[in-house]
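These notes are about the structure you will find just below.
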Amino acid sequence: MRPRLWLLLAAQLAVLRGSSVLQQTPAYIKVQTNKMATLSCEAKISLSNMRIYWLRQRQAPSSDSHHEFLALWDSTKGTVHGEEVEQEKIAVFRDASRFILNLTSVKPEDSGIYFCMIIGSPELTFGKGTQLSVVDFLPTTAQPTKKSTPKKRVCRLPRPVTQKGPLCSPITLGLLVAGVLVLLVSLGVVIHLYCRRRRARLRFIKHLRLHPLEKRSRLDY
């Protein structure tokens with residue numbers, strides 16, 4: 001059956017319910033513009049002729065929601081793209097029981113809910129869907145707040161207060177007077193000793209002068 005027929009059948013579903021047979025991851029993904037989005041669908045059953053369909057729903061699920069067929073993976077044919085789909089932008093491949101859908105260079109218009117689907121007998125089985133949001137800028141991770149290091153307080157010594165007026169206290173004045181008196185007394189003692197020595201020297205010299213005269217007078221007699 002042609003892919004357009006399966007699109008018509010998907011659009012006629014009144015309520016879209018996810019099945020545990022197909023497990024899609026992640027449930028929500030946010031990708032920056034021009035980056036690649038990777039969606040995964042894991043099949044919990046094994047079929048002889050496995051076919052996994054990938055559909056996109058651009059609006060919230062409702063009774064009149066439109067599902068766009070993107071691509072399918074066939075065990076014999078490999079990847080089959082839908083009509084009016086950029087083949088170089090969409091790639092589907094199998095990894096064991098997982099079926100990967102890669103969308104390269106995503107744009108904001110690529111946002112929507114992506115479903116993987118298998119054809120049963122007689123019903124269709126859908127995954128729970130992956131919601132893709134394409135944004136120009138991804139929210140940045142909040143940086144942990146840095147604790148501010150408290151500044152060390154420097155203790156400063158108080159500046160000496162400049163005193164105005166006379167600097168000499170009574171004690172200082174008394175010490176100065178006592179020092180002056182001691183100097184005067186010492187000077188007086190030095191002067192007295194010097195005078196005594198001078199007088200003694202003069203007497204000695206006078207005595208030496210008189211002594212030869214006495215000898216001479218004695219010879220005359």
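Throughout, numbering of the chain's residues begins at 1 and tracks the sequence.
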If a pair satisfies side-chain hydrogen bond (donor to acceptor under 3.5 Å, both in side chains) and one of its residues is in residues 176-201, list it, with sequence neighbours excluded. none
Could you pull out all residues at least two apart from Ser105 that satisfy side chain to side chain contact (heavy atoms under 4.5 Å, CB included)? none
Run through the side-chain heavy atoms of Ile, Leu, Val, Met, Phe, Trp and Tyr, join any pair under 4.5 Å, and report what else lands in Ile100's cluster. Phe93
For Leu187, the rest of its hydrophobic cluster, which grows through side-chain links under 4.5 angstrom: Ile191
Nearest 0.5 angstrom please: Thr130 OG1 to Gln24 CD, how far? 4.5 Å
Enter the distance from Gln131:CD to Leu39:CG here, rounded to the nearest 0.5 Å. 11.5 Å
Quick check: do Lys107 and Asn34 have side-chain heavy atoms less than 4.5 Å from each other? yes
List the residues meeting side chain to side chain donor-acceptor pair (under 3.5 Å) with Thr104, not counting sequence neighbours, and say none if there are none. none
Can you list everything that forms a salt bridge (charged side-chain N to carboxylate O under 4.0 Å, His left out) with Lys44? Sequence neighbours excluded, please. Glu42
Take atom OH of Tyr28 as the centre, draw a 6.0 Å sphere, and report whether it contains more than 12 heavy atoms from other residues, nucleotides or ligands. yes
Side chain to side chain, Leu176 and Val180, heavy atoms closer than 4.5 Å: no
If the plane angle is over 60° it's perpendicular, under 30° parallel, otherwise tilted; pick one for Phe126 and His67. tilted
Could you walk me through whether Lys30 and Val135 pass side chain to side chain contact (heavy atoms under 4.5 Å, CB included), step by step? CA-CA 7 Å; Lys30 182 177 290 186; Val135 295; 3.8 Å; yes
Are Leu183 and Leu181 close enough that some pair of their side-chain heavy atoms sits under 4.5 Å apart? no
Just by modelled atom types, is the Phe69 backbone N or O under 3.5 Å from a matching donor or acceptor in the Glu83 side chain? no
Partner set under side chain to side chain contact (heavy atoms under 4.5 Å, CB included) for Leu175, not counting sequence neighbours: Ile171
Do Trp54 and Val85 share a hydrophobic cluster (ILVMFWY, side-chain heavy atoms under 4.5 Å, transitive)? yes
Would you check if Glu68 and Arg58 make a side-chain contact, meaning some heavy-atom pair closer than 4.5 Å? yes
Walk me through it: do Leu70 and Tyr114 pass the test side chain to side chain contact (heavy atoms under 4.5 Å, CB included)? CA-CA 9 Å; Leu70 299 178; Tyr114 289 74; 3.4 Å; yes
Running the 4.5 Å side-chain criterion over Ile, Leu, Val, Met, Phe, Trp and Tyr, what cluster does Leu202 land in, apart from itself? none
OH/Tyr53 to CG/Asp74 distance, rounded to the nearest 0.5 angstrom? 7.5 Å
Rounded distance (nearest 0.5 Å) linking atom CG of Asp110 with atom CD1 of Ile90: 7.5 Å
Do Phe99 and Val21 belong together in a cluster built from hydrophobic side chains that touch within less than 4.5 Å? yes
Does Gln32 CD have over 12 foreign heavy atoms under 6.0 Å away? yes
With rounding to the nearest 0.5 angstrom, report the OG1 to NE2 distance, Thr79 to His81. 6.0 Å
What residues, two or more places apart in sequence or in another chain, satisfy side chain to side chain donor-acceptor pair (under 3.5 Å) together with Lys35? none
Taking side chain to side chain donor-acceptor pair (under 3.5 Å) as the test, write out the residues that go with Ser111, two or more places apart. none
Those residues at least two apart in sequence (or on a different chain) that pass salt bridge (charged side-chain N to carboxylate O under 4.0 Å, His left out) with Arg98 are Asp95
If hydrophobic clusters are built from ILVMFWY residues whose side chains come within less than 4.5 Å, do Val92 and Met36 share one? no
Testing the basics here: between Ile29 and Thr38, what is the closest heavy-atom pair and its distance to 0.1 Å? CD1-O, 4.1 Å
For the atom pair CG (Leu55) and CG (Leu72), what is the distance rounded to the nearest 0.5 Å? 10.0 Å
By side chain to side chain contact (heavy atoms under 4.5 Å, CB included) - contacts of Asp136 (at least two apart): Thr33, Pro108
